[in-house]
Each structure stands twice: as structure tokens, then as C-alpha cells.
Protein chains: 2
Amino acid sequence: MARLVDTSDYLIAPDPNRSRLTHCIVGHDENGAATEIAVVEERPLTIFLNSQEIVTAMTIGDYPEYLALGFLKNQGMLHADDDIAAVEFDEELETVIVRTARQTDYEDKLRKKTRTSGCAIGTVFGDIMEGLEGVSLPNLTVKTSDLYILANTINRTPSLYLEAGAIHGTVLCQDARPLVYMEDVGRHNAVDKIAGWMLSEDVSPEDKILYTTGRLTSEMVIKTAMMGIPALVSRSGFTAWGIEIAQQVDLTLIGRMRGQRFVCLAGEHRLDRDADPKTVSDEPKAASRKAAR
Amino acid sequence: MARLVDTSDYLIAPDPNRSRLTHCIVGHDENGAATEIAVVEERPLTIFLNSQEIVTAMTIGDYPEYLALGFLKNQGMLHADDDIAAVEFDEELETVIVRTARQTDYEDKLRKKTRTSGCAIGTVFGDIMEGLEGVSLPNLTVKTSDLYILANTINRTPSLYLEAGAIHGTVLCQDARPLVYMEDVGRHNAVDKIAGWMLSEDVSPEDKILYTTGRLTSEMVIKTAMMGIPALVSRSGFTAWGIEIAQQVDLTLIGRMRGQRFVCLAGEHRLDRDADPKTVSDEPKAASRKAAR
């Protein structure tokens with residue numbers, strides 16, 4: 001499958017040659033021969049909301065500001081009416097501080113709950129499920145012809161994955177055009193970076209489609225719904241709870257999209273099946289994403 | 001590739017027919033035809049250490065006691081001299097409480113640190129890196145002939161993966177024999193269940209090999225080292241930091257093991273290259289794990 005040469009249609013495309021995202025190490029193959037391999041970086045980034053330390057994420061390290069903003073947004077810690085006063089990345093300290101004009105009520109919540117529970121993970125999770133209750137996803141016609149073009153274009157786009165493997169990609173798309181392609185060691189980070197970019201650039205979600213290389217788990221579905229995006233597409237499989245939540249919030253969920261094949265698991269009503277699958281060529285073996293799991 | 005019929009060599013093999021781990025849902029394929037698909041479950045499990053709520057994990061739901069024990073052990077929250085007084089699983093409340101004879105010092109630490117930092121994730125992470133400083137992994141001869149047999153046997157073992165996809169597997173092995181094969185939606189949970197089983201059954205780690213279908217990230221390497229297992233093998237790729245930690249603690253790290261191919265990234269000195277790769281048949285296409293990412 002020929003790699004895409006011109007990526008100028010993207011607003012942000014992966015930059016596999018960017019330094020500090022990969023480096024070469026020497027291993028030994030099955031014959032004992034030394035072999036040079038490009039591997040992706042993975043470094044800690046601690047995210048603060050004002051004076052509150054929230055989480056330390058493991059990330060490849062690009063777009064730390066988008067990652068921090070998107071993480072806080074997708075966790076329901078930033079609200080639509082929150083004014084972002086500053087986003088400060090300190091490369092040496094490996095921290096990002098997101099400052100809001102007023103103290104967020106999340107800080108109060110966290111302080112209160114941690115007194116009794118010690119760790120916020122369960123709490124955060126509960127808050128997210130609460131946040132989903134008000135979610136109503138917009139109507140959008142999703143053409144299957146667009147989906148086929150998107151999958152083909154994305155798979156041929158030069159990326160850290162094609163360079164080094166062991167990484168996930170998430171792509172924000174509109175119609176048949178991929179707009180922003182983010183990658184990270186964790187699929188959740190890649191989605192959060194997209195959410196952060198959308199927040200920064202004030203991009204509306206209602207005519208967008210999110211494409212991911214990762215599995216459709218509950219967290220992926222929740223994040224997509226929290227972002228207000230009505231359709232989520234993946235090459236990979238899905239979990240029962242991911243599907244259940246998608247059905248509950250009426251998100252169009254499409255999995256196992258490879259070559260001409262896909263399966264729609266929720267929100268079928270948005271699909272316009274305008275393409276004849278038989279006219280779509282099956283995916284060549286070389287296109288299968290082998291290393292990112 | 002023929003499925004393994006006799007799994008009696010395993011101490012614990014996957015039980016793909018066990019109820020509550022998968023269920024059937026109906027989706028629509030690329031032609032709009034209704035299609036029945038088995039999907040894995042994903043449910044929350046909240047883990048307590050004595051009176052302290054620690055984390056809510058998303059899990060398929062089997063072996064909750066092992067998951068809780070292994071998680072706490074691998075996070076450095078249970079020490080070698082801790083007496084486990086009880087492990088109480090409440091299916092309805094979706095909780096596991098691990099009770100120790102004496103109050104663990106971790107509870108104090110957590111209480112102290114949460115007062116200033118609000119959330120324990122960063123703290124926990126710091127504690128793990130501290131915990132690694134004392135780790136010295138045992139010598140063991142790892143025969144490549146054993147590795148080839150292990151990979152072949154594991155890939156042919158009936159599993160939730162082969163049934164439903166979108167799931168990770170981790171297998172505790174000794175020589176050419178896979179002993180305990182755990183699966184979960186998160187690869188970390190699968191490893192934690194193995195750690196919990198080892199703790200419960202008082203199984204020594206020094207002659208064991210850990211095989212995983214997931215990527216070799218820093219967390220996978222750290223968990224394996226915390227468990228005292230000297231060799232970690234994966235079908236998938238790896239991250240730079242995963243390799244760096246493996247080199248630091250002298251863990252034998254093998255990635256991209258498919259058919260006759262593999263690459264050794266650290267701890268080469270434990271390898272006995274007794275098999276000729278040319279005599280090993282390449283992996284048929286059907287064996288590639290497509291859906292779990």
C-alpha cells in the first residue's frame with residue numbers, strides 16, 4: 001500500500017521525523033544479529049489544574065498543552081464556561097499547569113472526596129458517568145463512502161506507527177477529510193490531545209467523525225461522547241460496555257473497519273450506506289497494524 | 001493453525017465458555033446485514049486495602065481476588081512480610097477488600113501524601129520506581145527452543161481472545177510449559193491476576209517466564225520486575241522507556257515474537273540460542289491477533 005506523499009490536507013499530521021519522539025536502540029534478532037530499531041519515547045507528564053496535582057500520564061511527549069487541556073476536559077474537570085487563563089508547560093519539570101480564571105469546582109470536589117477516599121480515580125470515574133447524563137449527540141449523516149476514503153487515507157499517512165510501531169493513533173475527521181492526526185503510547189492520550197486542540201481552536205464537534213486505531217472500550221466511547229462527536233470508528237474490536245454506553249448516548253459506533261468490512265454497533269440511523277462494499281478493495285496484509293497493542 | 005484440544009497441562013487455562021465473561025450483541029455489517037457478535041464484558045471493580053479505597057479498575061470480571069491482590073502487590077502496597085488476613089469479594093457491590101494482619105504502612109503514606117497532592121496516582125508511580133531500586137533478578141537460562149514452543153502453544157490455546165477478540169492475554173510459563181493463562185480488557189489486569197495467583201499459591205518467580213500479547217511498555221516491565229520474574233516475552237512492540245528500565249534491572253526482554261522471528265532488547269545473556277530459527281515455521285496469517293489493541 002503506497003504511503004501518502006502529500007499530507008497538506010491535514011491541519012496537523014504526524015511528524016515521524018520529529019526528534020525526541022523516537023530513538024534508535026540496538027537489539028538482537030532471532031539469529032543473534034545486531035539490529036537497529038526505532039522505538040517511541042514514553043515519558044511522564046504531570047498535569048496540574050491550578051494548584052491541584054491531578055495525574056501523571058505516560059506520553060510520547062508531543063503537544064503536552066493539548067494533552068493536559070483535553071485530559072481535564074474529558075474528565076469533566078473543565079466546563080464550557082471555564083476561562084482558560086494560561087497553559088504552562090515546563091519541559092524540565094515535565095509538568096503542565098492549566099490555569100483557569102476562577103477556581104474550578106472540581107478542585108473543591110477533589111479535596112472533599114480525597115479526605116474520605118484517598119484516591120480520586122473512582123470519584124473521577126463516577127463524575128464522568130454523571131457528566132454523560134446530559135449528553136445529547138447531534139444528528140449527522142455519515143456516508144460509508146467517506147468512511148472508506150478516511151480509513152484508506154489514514155492508513156497510508158506517514159506516522160510514528162509506520163516508523164516505530166507500538167503506538168496508537170486517533171484522527172479527527174470531517175466528511176472524507178482527516179483533519180488532525182495525533183499519536184501516543186496510550187490511545188487515551190491521543191484522544192485527549194485532539195480534545196485539547198478542539199478546545200484551544202474552538203472547533204465544533206457536531207460535524208466531526210473520530211477515527212481510532214485502538215479498541216472501542218467504555219473509556220473511548222465516554223471520551224468521544226464527552227467531546228460531543230457523534231461518530232466513532234475503529235479498526236479494532238470493542239467491549240460490551242463500550243457498546244452499551246454508545247447505545248445509551250446514541251453514538252454511532254463502528255468497529256473492525258478493515259478493507260471493505262466493518263460492523264456498526266450503535267447509532268445505525270446516522271449511516272448513509274452510499275458505497276457498495278464490493279467496489280472497495282480488501283486491505284493488503286502489509287497494512288495490518290501489528291505492533292500497537 | 002489447529003487449536004489446542006487438550007489444555008490439561010495448564011494449571012489455569014482460559015475458559016471462553018464461562019458465562020458472564022462475554023455476551024452476544026447484534027450489529028450490522030458492511031452490507032447492512034444483521035450479524036451476531038460475541039463481545040467481552042467490562043465492569044468496574046473497586047479495590048480496597050483494609051479501610052482504604054485504592055482504585056476502580058475496569059475488568060472482564062473473572063478472578064477478582066487475584067486481581068486485587070496482584071494489583072496491590074505490583075503497586076508496592078503489599079510487602080513480602082504482610083500477612084493477608086482475608087480477601088473479600090462482594091459481587092453485588094463490585095468491590096474486593098484485601099485485609100492485612102497489621103495496618104500497612106502504605107495506608108499511612110497515602111493518607112499523608114493525599115493531604116498535599118490530592119490524588120495518589122503520581123505518588124504511587126514514584127513509589128514503584130523507588131521499589132525497583134532494590135530489585136535484582138535471578139539468573140535463568142532461557143532456551144529459544146522453549147520460547148518457540150511456548151508461543152506456538154499459547155497461540156493455539158482456546159481463549160476469550162479467539163472467541164471474542166479485543167482482549168489481552170498474559171501467561172506465566174516455566175521452561176516450555178505455559179502454567180497460568182489470564183486474560184483481561186487491560187493488559188495490566190491480566191498481569192496483576194497472575195501476580196495475585198502467585199502470591200496466593202506462594203509460587204516462586206525465579207524460574208518463570210512471562211508471556212504477554214500486549215506491548216512492552218514501562219508499566220509492563222516494571223510489573224514483571226516487581227514480580228521477580230527474569231524474562232518477559234511479547235508478540236508486540238515496545239517503548240523506549242520499557243527497554244531502558246529492562247536494561248536497568250537486567251530483565252530479559254523479548255519483543256515482536258512471531259513465527260521464527262523475535263528481537264531481544266535486554267538481558268541477552270540469559271538466552272541459550274539452542275533452536276535454529278530456520279526450522280521454525282512462519283506464523284500463518286490467521287494467527288495474527290487482530291482485534292486486541
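Keep in mind that what you see is a predicted model, and the values were worked out from it rather than measured. Labels below follow one simple rule: chain letters A, B, ... track the order of the sequence lines, proteins then strands, and each chain is numbered from 1.
- For A:Glu41, the parts lying under 4.5 angstrom from a heavy atom of chain B are both the backbone and the side chain.
- Listed by sequence position, A:His23, A:Ile25, A:Gly27, A:His28, A:Asp29, A:Glu30, A:Asn31 are the residues of residues 21-31 of chain A in contact with chain B, using a 4.5 angstrom heavy-atom cutoff.
- B:Val263 and A:Ile37 make their closest contact through CG2-CD1, 3.4 Å (heavy atoms, listed as atom of the first residue, atom of the second, distance).
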Applying side-chain contact (heavy atoms from CB on, under 4.5 Å) to B:Trp241 and A:Val185, what does each step give before you reach the verdict? CA-CA 11 Å; B:Trp241 206 30; A:Val185 281; over 6 Å; no
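- Between B:Gly32 and A:Arg273 the shortest heavy-atom distance is N-NH1, 3.2 Å.
- Across all their heavy atoms, A:Val40 and B:Phe238 have their closest contact at CG2-O, 4.4 Å.
- Heavy atoms closer than 4.5 Å to chain A are found nowhere in B:Thr144, neither backbone nor side chain.
- Interatomic distance, OG1 of A:Thr35 versus CG of B:Leu265, reported as 9.5 Å (0.5 Å rounding).
- B:Arg18 CZ: more than 12 foreign heavy atoms inside a 6.0 Å radius.
- Heavy-atom pairs under 4.5 Å with chain B were tallied for A:Glu42, A:Glu244, A:Gln260; the largest tally goes to A:Glu42.
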